[in-house]
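Throughout, a chain's letter reflects where its sequence line sits, starting with A, and its residues are numbered from 1. Quantities reported herein were computed from a predicted structural model and do not represent experimental measurements.
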Amino acid sequence: MKRTQRFKRVSKPKKRIPDSELDEDSAANLSTQLLKSKSTRINPKRPKILSLPASTSLTFDHMTILPREFFQIDALDLAPRLLGKFLKRDNVVLQITEVEAYRPNDSACHGRFGITARTAPVFGPGGHAYVYLCYGLHTLLNVVADKEGNGAAVLIRSCAPISGMDTIQERRGKKTEKPDLLNGPGKIGQALGISTEWSNHPLHSPGKFSSRPYLIRLS
DNA sequence: GAAAAGATTAAA
DNA sequence: TTAATCTTTTCC
């Protein structure tokens, strides 16, 4: 039975921007390349791993915050579009490398039993965060997808560090630069320093508090 | 009201 | 392979 759809960006992390050079509006000349990947089964418990089509080279000049319309589409469409995008909070910037889509009919989707106190944000309009505690230990970050009323979201599973390495390592409690720094959904939440209080926070604007994370792209 | 499961991680 | 750890949902 179908549960979820996972998308993975298989490429090397892009060059890192020195913290001193990064600001709200520009992170000059990052280029990102979506490399071809095979469709493989990463976790036997999960039915299918989808991959991106092969290799498109994209170059951007300026960072812009993604508009809310960007998010208000089917989670299955939103998921691959999040690959390569940037998640920013303060000096920490992560580039999304692996995501997983959860749709209303997926057996693992938190929205499958309707609106509850915890899952209410999932049913809200796309572009907000849905953060919840997993196994009592890990804060998992989802990007709510689709229109209001549809319980769909995309889990951020893995990222590459772009900026704020010191902060990331400090929050993670590891000095490594290896993939295990950010290759898991619980690690993303930890690296961003978020808690469940962040659930329902809009990701399509910096928000009232500048320290709140938001999703950006280079365009 | 009690019990079990869970979109995981790190360490052995 | 397993313990850690606790909230949400389910079952009686």
Side-chain angles (χ1 to χ4, degrees), chain A residues 1-10 39-52 71 73-83 85 87 92 94 96-124 126-146 150-161 167-201 203 213 215:
Chain A
M1 179 179 182
K2 185 180 66 155
R3 291 182 67 196
T4 60
Q5 301 282 4
R6 189 180 289 192
F7 299 85
K8 189 171 190 179
R9 176 175 177 278
V10 183
S39 180
T40 40
R41 194 174 287 264
I42 295 175
N43 182 339
K45 285 183 180 174
R46 309 208 169 241
K48 190 166 186 183
I49 312 298
L50 298 184
S51 61
L52 283 177
F71 303 92
I73 57 178
D74 191 298
L76 211 46
D77 296 319
L78 177 62
R81 296 183 192 196
L82 289 177
L83 296 174
K85 297 297 189 299
L87 205 45
V92 170
L94 308 181
I96 299 171
T97 56
E98 186 176 351
V99 296
E100 189 162 24
Y102 289 86
R103 306 169 81 209
N105 287 330
D106 292 338
S107 60
C109 182
H110 279 195
R112 68 190 182 281
F113 291 125
I115 301 174
T116 65
R118 179 181 62 159
T119 64
V122 178
F123 290 87
H128 291 241
Y130 167 53
V131 183
Y132 80 98
L133 193 63
C134 183
Y135 288 94
L137 301 168
H138 313 293
T139 51
L140 274 54
L141 171 64
N142 292 254
V143 177
V144 175
D146 223 319
N150 295 331
V154 178
L155 174 69
I156 308 300
R157 296 200 61 87
S158 185
C159 288
T167 305
I168 295 171
Q169 292 176 332
E170 185 182 341
R171 288 179 180 152
R172 289 277 296 117
K174 295 200 172 215
K175 282 184 221 152
T176 181
E177 294 195 8
K178 294 176 194 164
D180 67 338
L181 185 65
L182 293 171
N183 65 346
K187 301 175 183 179
I188 304 306
Q190 190 178 23
L192 288 171
I194 58 176
S195 68
T196 54
E197 296 175 8
W198 300 73
S199 205
N200 207 34
H201 164 67
L203 292 169
L215 259 172

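The salt bridge (charged side-chain N to carboxylate O under 4.0 Å, His left out) search around Asp74(A) returns Arg103(A), not counting sequence neighbours. In this structure Val143(A) satisfies the side chain to side chain contact (heavy atoms under 4.5 Å, CB included) test together with Phe71(A), Leu78(A), Leu82(A), Ile156(A), Leu203(A), Leu215(A), sequence neighbours excluded. For His110(A), the side-chain hydrogen bond (donor to acceptor under 3.5 Å, both in side chains) partners are Tyr130(A), not counting sequence neighbours.
Residue-level contact check: Arg112(A) touches neither bases nor backbone, having no heavy atom under 4.0 Å from any strand. Using a 4.0 Å heavy-atom distance criterion, Phe113(A) is classed as a sugar-phosphate-only contact. At a threshold of 4.0 angstrom between heavy atoms, the contacts of Thr196(A) with the nucleic acid are absent.
No side-chain N or O of Thr139(A) forms a donor-acceptor pair with one of Ser195(A) less than 3.5 Å apart. At a cut-off of 3.5 Å, with distance as the only test, no side-chain donor of Arg171(A) or Gln190(A) sits close to an acceptor on the other residue. Inspection of the Thr119(A) and Thr116(A) side chains reveals an N or O donor paired with an N or O acceptor under 3.5 Å.
Residues from residues 178-189 of chain A lying near DNA chain B, meaning a heavy-atom separation below 4.0 Å, are Gly184(A), Pro185(A), Gly186(A), Lys187(A) in numerical order.
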* Asked: For DNA chain C, what string of dots and brackets results from 5' to 3' when Watson-Crick and G-U pairs need both distances under 3.5 Å, crossing pairs get [ ], and pairs with another strand get |?
  -> ||||.||||||.
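With rounding to whole Å, Arg172(A) atom CZ is found 13 Å from dA11(B) atom C1'.
When the nucleotides dT9(C), dA10(B), dA7(B) are ranked by their closest atom to the side chain of Arg118(A), dT9(C) comes out on top. With distances taken from any side-chain atom of Leu140(A) to the nucleotides dT9(C), dT8(B), dA10(B), the minimum falls on dT8(B).
Note that the CD atom of Glu100(A) and the SG atom of Cys109(A) stand 11.0 Å from one another [nearest 0.5 Å]. Residue Gln5(A) holds its CD atom at 7.0 Å from CG of Asp106(A), rounded to the nearest 0.5 Å.
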* Determine, for nucleotides 1-6 of chain C in 5'-to-3' order, which nucleotides have protein heavy atoms under 4.0 Å from the base (write B), from only the sugar-phosphate (write S), or from neither (write -). => ---BBB
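Rounded to whole Å, the separation between the P atoms of dA7(B) and dC11(C) comes to 16 Å.
One finds a side-chain N or O of Arg157(A) lying less than 4.0 angstrom from the OP1 or OP2 phosphate oxygen of dT8(B).
When atom types are taken as modelled, the side chain of His138(A) and the backbone of Pro185(A) share no donor-acceptor pair closer than 3.5 angstrom. Under a 3.5 Å cut-off, the side chain of Arg172(A) and the backbone N or O of Leu181(A) do form a donor-acceptor pair.
Looking only at side-chain heavy atoms (C-beta outward), Ile168(A) and Leu94(A) come within less than 4.5 Å of each other.
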